[in-house]
Amino acid sequence: MGLYMNIPDYQTCLLPVLQACSEQQEHSIKEIHDQVASHFNLSNEELSEMLPSGNQSVFNNRIGWARTYLKKAGLLISPSRGIFKITDRGIKVLNEKPTKIDAKFLMQFPEFAKFQKPKPDNGTPPPPPIDQTPQEIIENEYQNLKKELASEVLEKLKEIDPYRFEKIVVELLVKMGYGGTIKDAGKVLKKSGDDGIDGIIKEDRLGLDAIYVQAKRWGHTNVVTQPEIQKFAGALDMKHASKGIFITTSSFSSGASACVEKFKSKIVLIDGEELAEYMIDFNLGVSVESTFEIKKVDTDYFTEE
C-alpha cells in the first residue's frame with residue numbers, strides 16, 4: 001500500500017473512480033472524491049494526510065492520478081474544467097464487471113499503451129506498475145535525499161570547534177528571522193560560557209525581548225538529561241529571562257523532554273536531527289546542487305474570455 005497504509009493507492013482507486021462516474025452524466029471532482037472516500041470508509045484524519053511537501057493531500061493526489069489514467073485510457077472525458085463524464089468505452093468496461101482495474105488492465109487500450117511507452121530516443125523500458133503516484137515518488141525520494149544530507153550536516157557539526165558551533169547556532173536563529181542581522185541580532189558569549197548561557201539573540205529587530213541559547217556539541221552517545229535542562233532553566237531564572245533554546249547535536253532523554261513544561265521560562269529543545277533539518281531548510285552550510293520544477297497546466301490561460 002506504500003507509506004500511507006490506510007489510504008488506497010492510485011491503482012486501487014481506478015475502479016471506484018470509474019464507478020463514481022457510472023451514471024451517464026457529468027460529475028464534479030468533489031462528487032467523485034466524496035463517493036470514493038465513502039467507498040473506502042476513510043476518516044477525516046486519513047483524508048487530510050498530506051504529501052511530504054504539504055501542498056496536497058495524499059488522497060486527492062491519488063484520485064487525481066486515477067482520473068488521469070482513466071482519461072488516457074479513454075474511459076473518462078473531461079468536457080470542462082473540474083468536470084468528468086464516463087465514455088462508451090468506460091460503460092463497456094463496467095458492464096464486464098471487472099474485479100479490479102490497474103495499469104496492466106489499461107494497457108489493452110492503445111491510447112494508454114502509447115501514454116506509457118517511453119519516447120523514441122529513450123531506450124529505458126517503462127517502469128512496472130507501482131502503488132505510488134509519480135508525484136509521491138518524487139517527494140518521497142526528495143525526503144530521502146534530505147535525510148541523507150541532514151546526516152552529513154550533523155556529522156560536520158560534531159567535528160567543528162565548540163565555539164564555532166555556538167556561532168553557527170546563533171547564525172541559524174538569525175536566518176530563521178530573529179533580530180535582523182548577525183551584527184545587531186545575536187552574539188556569542190565568551191568561550192567559558194556565562195552561567196550555562198552560550199548565546200543571546202534578540203527576538204525581533206527592536207530587541208523587545210531576548211532569547212538565551214545553550215548549545216551542546218556532543219556525540220550521539222552523550223544524551224542531554226534532565227539535570228542539564230534544570231541547570232539551563234536556573235541560568236534563565238538568574239537572568240530574569242522568559243525564553244530559552246537548548247540546542248544539541250545529540251538527543252534529549254525522555255526526562256529532559258518532559259521537564260521543560262515545569263519551568264517558568266519557555267524552553268524549546270532542538271536535537272541534532274532537527275538542527276540539521278533547520279540548517280538545510282534555511283540554507284546554512286549547504287548549497288543548491290540541482291533544481292527541478294514540477295509544472296501543471298494553467299487552465300485559466302486556456303479559458304476563453
Side-chain angles (χ1 to χ4, degrees), residues 146-147 149-286:
K146 185 178 178 182
K147 187 175 181 179
L149 176 59
S151 178
E152 293 180 32
V153 169
L154 187 54
E155 287 304 313
K156 290 294 184 182
L157 289 173
K158 293 176 181 177
E159 295 171 359
I160 61 177
D161 175 83
Y163 189 57
R164 170 65 178 147
F165 172 65
E166 292 167 6
K167 291 179 68 177
I168 288 175
V169 164
V170 172
E171 185 177 352
L172 172 61
L173 293 173
V174 170
K175 276 185 168 287
M176 293 174 74
Y178 295 97
T181 67
I182 289 291
K183 181 179 180 180
D184 64 15
K187 68 177 182 179
V188 179
L189 302 182
K190 57 187 180 180
K191 291 190 178 184
S192 60
D194 182 19
D195 298 323
I197 305 294
D198 292 322
I200 306 172
I201 193 165
K202 296 177 182 178
E203 187 174 24
D204 51 55
R205 280 185 174 272
L206 298 178
L208 295 176
D209 202 355
I211 299 174
Y212 289 78
V213 182
Q214 174 72 280
K216 292 290 186 183
R217 187 192 62 81
W218 284 358
H220 67 276
T221 57
N222 297 80
V223 177
V224 178
T225 58
Q226 184 172 338
E228 290 287 341
I229 304 301
Q230 290 173 325
K231 180 181 177 182
F232 181 53
L236 294 177
D237 194 45
M238 289 179 61
K239 298 286 185 182
H240 304 289
S242 60
K243 300 180 180 72
I245 303 176
F246 197 116
I247 301 178
T248 181
T249 51
S250 62
S251 59
F252 297 96
S253 69
S254 57
S257 299
C259 76
V260 293
E261 302 295 334
K262 302 177 182 178
F263 304 117
K264 180 172 60 177
S265 302
K266 173 66 177 178
I267 299 176
V268 174
L269 306 181
I270 300 176
D271 63 20
E273 291 184 3
E274 291 175 304
L275 173 59
E277 288 182 5
Y278 281 134
M279 289 184 66
I280 294 170
D281 290 341
F282 289 91
N283 294 312
L284 184 63
V286 298

Task: Check: T249 and F165 side chains under 4.5 Å, non-hydrogen atoms - done: yes
- [ ] Specify the closest pair of heavy atoms between F232 and V213, including all atoms of both residues, with the distance to one decimal.
- [x] CE1-C, 4.2 Å
TODO: Output the distance between atom CD1 (I229) and atom CZ (F252), rounded to the nearest 0.5 Å.
DONE: 5.0 Å
Open item on the list: For the OH atom of Y278 and the CD1 atom of I270, what is their distance to the nearest 0.5 Å?
Closed with: 5.5 Å
Task: Minimum-distance pair of heavy atoms, taken over all atoms of A215 and V169 - done: CB-CG2, 4.0 Å
Task: Rounded distance (nearest 0.5 Å) linking atom CD1 of I267 with atom CD1 of I211 - done: 12.5 Å
TODO: Search all heavy atoms of I201 against all heavy atoms of V170 and return the closest pair with its distance.
DONE: CD1-O, 3.9 Å
Open item on the list: Using modelled atom types and a 3.5 Å cut-off, is there a donor and acceptor pairing between side-chain atoms of S250 and backbone atoms of W218?
Closed with: no
Open item on the list: How close do G244 and L236 get, counting heavy atoms only, and between which atoms?
Closed with: CA-CD1, 4.0 Å
Open item on the list: Taking the side chain as everything from C-beta on, heavy atoms only, tell me whether I245 gets closer than 4.5 Å to L173.
Closed with: yes
Open item on the list: Within the structure provided, determine whether E228 and K216 are in side-chain contact (heavy-atom separation under 4.5 Å).
Closed with: yes
TODO: Using a strict 4.0 Å threshold on nitrogen-to-oxygen distance, state whether K175 and D281 make a salt bridge.
DONE: no
Open item on the list: Is there a side-chain contact between T248 and N222 in this structure, where contact means two heavy atoms from C-beta onward sitting under 4.5 Å apart?
Closed with: no
- [ ] Give, for atom CZ of R164 and atom CD of E159, the distance between the pair rounded to the nearest 0.5 Å.
- [x] 13.5 Å
TODO: Rounded to the nearest 0.5 Å, what's the gap from CD on E166 to CD1 on I247? Could you check?
DONE: 10.5 Å
Open item on the list: Quick check: do V260 and F246 have side-chain heavy atoms less than 4.5 Å from each other?
Closed with: no
Open item on the list: Counting neighbours of CD on E273 that are heavy atoms of other residues, nucleotides or ligands and sit closer than 6.0 Å, is the number greater than 12?
Closed with: no
TODO: Hey, could you give me the CD/OG distance between Q226 and S257, rounded to the nearest 0.5 Å?
DONE: 10.0 Å
Open item on the list: Is any side-chain heavy atom of L157 closer than 4.5 Å to one of M279?
Closed with: yes
Task: Exam field: side chain E274 to backbone D271, donor-acceptor pair closer than 3.5 Å - done: yes
Open item on the list: Can you confirm whether I160 sits close enough to I168 that some side-chain heavy atom of one is under 4.5 Å from a side-chain heavy atom of the other?
Closed with: yes
- [ ] Please answer whether the main-chain N or O of S265 pairs with a side-chain N or O of S242 as donor and acceptor at a distance below 3.5 Å.
- [x] no
